[in-house]
Each structure stands twice: as structure tokens, then as C-alpha cells.
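Both backbone and side-chain heavy atoms feed into the values below; hydrogens, waters and symmetry mates do not.
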Amino acid sequence: MREEDLRRLEEEIDKLRMKILDSDEFKVYSEILDRTTLMALYRLSKKGFIKALGGVISSGKEANVLHALKNGEEVAVKVYMTYTSDFRNMYEYIQGDPRFLKVKKDRRSVVMAWARKEFRNLKIAEESGVRAPEALAVDSNVLVMEFIGENENPAPRLKDVEDELEKEEMEEICSTVLEYIRRLYRNGELVHGDVSEYNILVHGDEIVLIDFGQAVLNRHPRALEFLKRDIENVSRYFRKFGIEVDAESIFREVVS
Ligand SMILES: Nc1ncnc2c1ncn2[C@@H]1O[C@H](COP(=O)(O)OP(=O)(O)O)[C@@H](O)[C@H]1O
Ligand SMILES: [Mg+2]
């Protein structure tokens, strides 16, 4: 792309930007808006998936999540980072996945496959009866999904509200999460692979499972290992709140 085109593109993206709230957000924006991301955001805006970009919901090594508007509707935009992601580790999850046999091994290809993988996994979650953000669009390293929350406030993670919840509520959440793991495996042939109090949002009465990038099909060579680990992590977490979960018997029941 010529410099002139790139400048024009940046201007377009500038128009998309609702506001840069503070200098931290400015820093995140300037780091994520590389050429590939700019172009993806531009195409997504042309197709009507993004009308305006807003504040930064979360920024991590692998991905940043931004608040955005579609058409009056709030959406979450997850931007995977090409340069800071541990793409070798990502590749291991992609390698054993029959949906991504043709993916090349370079950094860019792997990160883009990862975004497509999360998109498709979110679709599977929905079809399996698991409450997860609705996947709306994916382009390159950018995923657009339903925003869980309202008025620019994302729903809290389970970790954020664990101290405010009654034991009965925790029990309810625990059995919902185990049911989600079961449905994913049995209805969707999918293993999440990173179930934790950081990837569960508590939105009013709804328990929403997020972060499906690493999720693998149960045909993946390490699927059972990941399933076992998910159930053990859930069991370990809820034990701290006096809730007993027999990980071994749940694992056996799920795969039976
Ligand atoms: N669809 C969404 N709606 C609202 N908040 C979200 C959404 N997706 C992610 N988040 C917020 O962004 C954080 C990071 O997203 P996540 O998908 O877990 O990525 P990471 O790989 O960085 O952990 C989450 O903990 C949550 O607070
Ligand atoms: Mg996460």
C-alpha cells in the first residue's frame, strides 16, 4: 500500500474513533493500530460491523478488547496482537485441529488463524447451548462479538464479584459452568481449555463463558488432557468457597 493510501486509511480510522479517554488508552490504541489491524477495522466498518470505536476494556499480551458501536448496538472488538503473541504456543493448539490443516507456520498466519478459530468456536458454543458472546464477524486479526454488559460497562468477571456472592449463588454458578463444559464437549465436540474465574462473566442472572481462542475440537491429541485440566481448575476454585466438586467423577461422566 502506498504511503498516501495509508494516510487516508488512518484518517478514516480516526473518524471511527469515538474518543480516546486517557493517555493509557491512547497508548493501547497506538500499539494495536498497525497496518494489518487498520485495514481489518476499515473493512469491518465498511461492512457495517463497526460504526465507532470506544474505550479499552482489556489489554493483554495476546489481545486487546475494545468497546465499539455497531448501529446503536454495543459490540466488543477483540484485536489479536501479531507481534507480542506467543505464536509458537498458539501453533500447538492449531496444529492438531483438522479445521486449520493448511495454516502456515509464520507469526501472522498463526495469529489470524487464531482469530478465526475463536470466531468458529464461539459459533459452536452457541449451537451447543452454552451462553457465550455471539460471534458477529472476523477479519484478519480482529474479531467482532456481542458486548456483554451495558452502557460501556462490561459485565464483571467472576473473580471481580466472588466476595459479594452468597454460597448458594456460587453453587449455582459452579453447576452452570460444569454444565457448559459438558455441553461443549458432548454437543459441540469442543474443549474450552482455559476455563477460569477470569473467563466467566457474571451478567445479571446470566453466566457467560468467554475467551474461546484456545478451545480445541475433541479430536485434538491433547483434548482430554485440557478437559481434565478445566474440570480440575473449576473444582479447585470452587473448593475455596466450600463447594466440593469431584473432578474425577465429573470428567468420567462427561466423556462417557
Ligand atoms: N464480549 C465481551 N463483552 C464484554 N467484555 C468482554 C468481552 N470479551 C472480553 N471481555 C473482557 O475483556 C477481557 C479479556 O478478554 P478475553 O477474551 O478473556 O481475552 P484474553 O485472551 O486477553 O484473556 C475479559 O476478561 C473481559 O473482561
Ligand atoms: Mg481471558
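- You'll find the side chain of Y237 reaches within 4.5 Å of the side chain of L158, heavy atoms only.
- Contact annotation: the side chain of P98 approaches that of L217 to within less than 4.5 Å [non-hydrogen atoms, C-beta and beyond].
- Side-chain N or O atoms of R157 include none that pairs as donor or acceptor with a backbone N or O of N199 at under 3.5 Å.
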Worked verdict on R99 versus D97 for salt bridge (charged side-chain N to carboxylate O under 4.0 Å, His left out): CA-CA 5 Å; R99 299 172 296 179; D97 194 318; 2.8 Å; yes
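- Around CZ of R239, the count of heavy atoms belonging to other residues, nucleotides or ligands within 6.0 Å exceeds 12.
- Side chains of R131 and T176: no donor on one and acceptor on the other come within 3.5 Å.
- Rounding to the nearest 0.5 Å places CH2 of W114 at 13.0 Å from CG of L143.
- The closest side-chain heavy-atom distance from R107 to Y83 is below 4.5 Å.
- Here the options are V79, N64, T82, the test is side-chain contact (heavy atoms from CB on, under 4.5 Å), and the partner is T37; only V79 passes.
- In this structure, S235 contributes its side chain and I231 its backbone to no donor-acceptor pair below 3.5 Å.
- Among residues two or more places apart in sequence or in another chain, the side chain to side chain donor-acceptor pair (under 3.5 Å) test is passed with S249 by D246.
- In this structure, the side chains of V77 and L41 come closer than 4.5 Å at one or more pairs of heavy atoms.
- Ion pairing between a basic and an acidic side chain is recognised when a charged N comes within 4.0 Å of a carboxylate O; R229 and E225 show no such pairing.
- Evaluation of the side chain to side chain donor-acceptor pair (under 3.5 Å) rule for E150 yields H203 as partners, not counting sequence neighbours.
- Side-chain contact between E206 and I148 is absent, with no heavy-atom pair separated by less than 4.5 Å.
- Taking the charged nitrogens against the carboxylate oxygens, K228 and E232 do have a contact shorter than 4.0 Å, which makes a salt bridge.
- Checked by atom type and distance alone, the side chain of N141 pairs as donor or acceptor with a backbone atom of Y80 at under 3.5 Å.
- Under a 3.5 Å cut-off, the side chain of E74 and the backbone N or O of H67 do not form any donor-acceptor pair.
- Judged by distance alone, with hydrogens and angles left aside, the side-chain atoms of E62 form no donor-acceptor pair with the main-chain N or O of S85 at under 3.5 Å.
- No salt bridge links D86 with K61; every basic N to acidic carboxylate O contact stays at or beyond 4.0 Å.
- The 12-atom threshold is not exceeded at NZ of K102, counting heavy atoms of other residues, nucleotides or ligands nearer than 6.0 Å.
- Counting non-hydrogen atoms of neighbouring residues, nucleotides and ligands closer than 6.0 angstrom, the CD atom of E166 reaches no more than 12 such neighbours.
- Within a 6.0 Å sphere centred on CD of E172, heavy atoms belonging to other residues, nucleotides or ligands number 12 at most.
- Distance alone, capped at 3.5 Å, places no donor-acceptor pair between the K78 side chain and the V65 backbone.
- A donor-acceptor pair under 3.5 Å is formed between the side chain of D230 and the backbone N or O of V195.
- At a threshold of 4.0 Å, the pair K123-E126 does not count as salt-bridged, since none of the basic side-chain nitrogens sits closer than that to a carboxylate oxygen.
- How far CG of L190 is from CZ of R219: 10.5 Å, rounded to the nearest 0.5 Å.
- The backbone N or O of G188 sits nowhere less than 3.5 Å from a side-chain atom of R183 that would complete a donor-acceptor pair.
- Considering only residues two or more places apart in sequence or on other chains, K159 meets the side chain to side chain donor-acceptor pair (under 3.5 Å) condition with E162.
- The side-chain heavy atoms of N218 and Y185, taken from C-beta on, include a pair separated by under 4.5 Å.
- Without hydrogens or angle criteria, D106 side chain to S109 main chain gives a donor-acceptor distance under 3.5 Å.
- Judged by distance alone, the side chain of Y180 and the main-chain N or O of I207 form a donor-acceptor pair under 3.5 Å.
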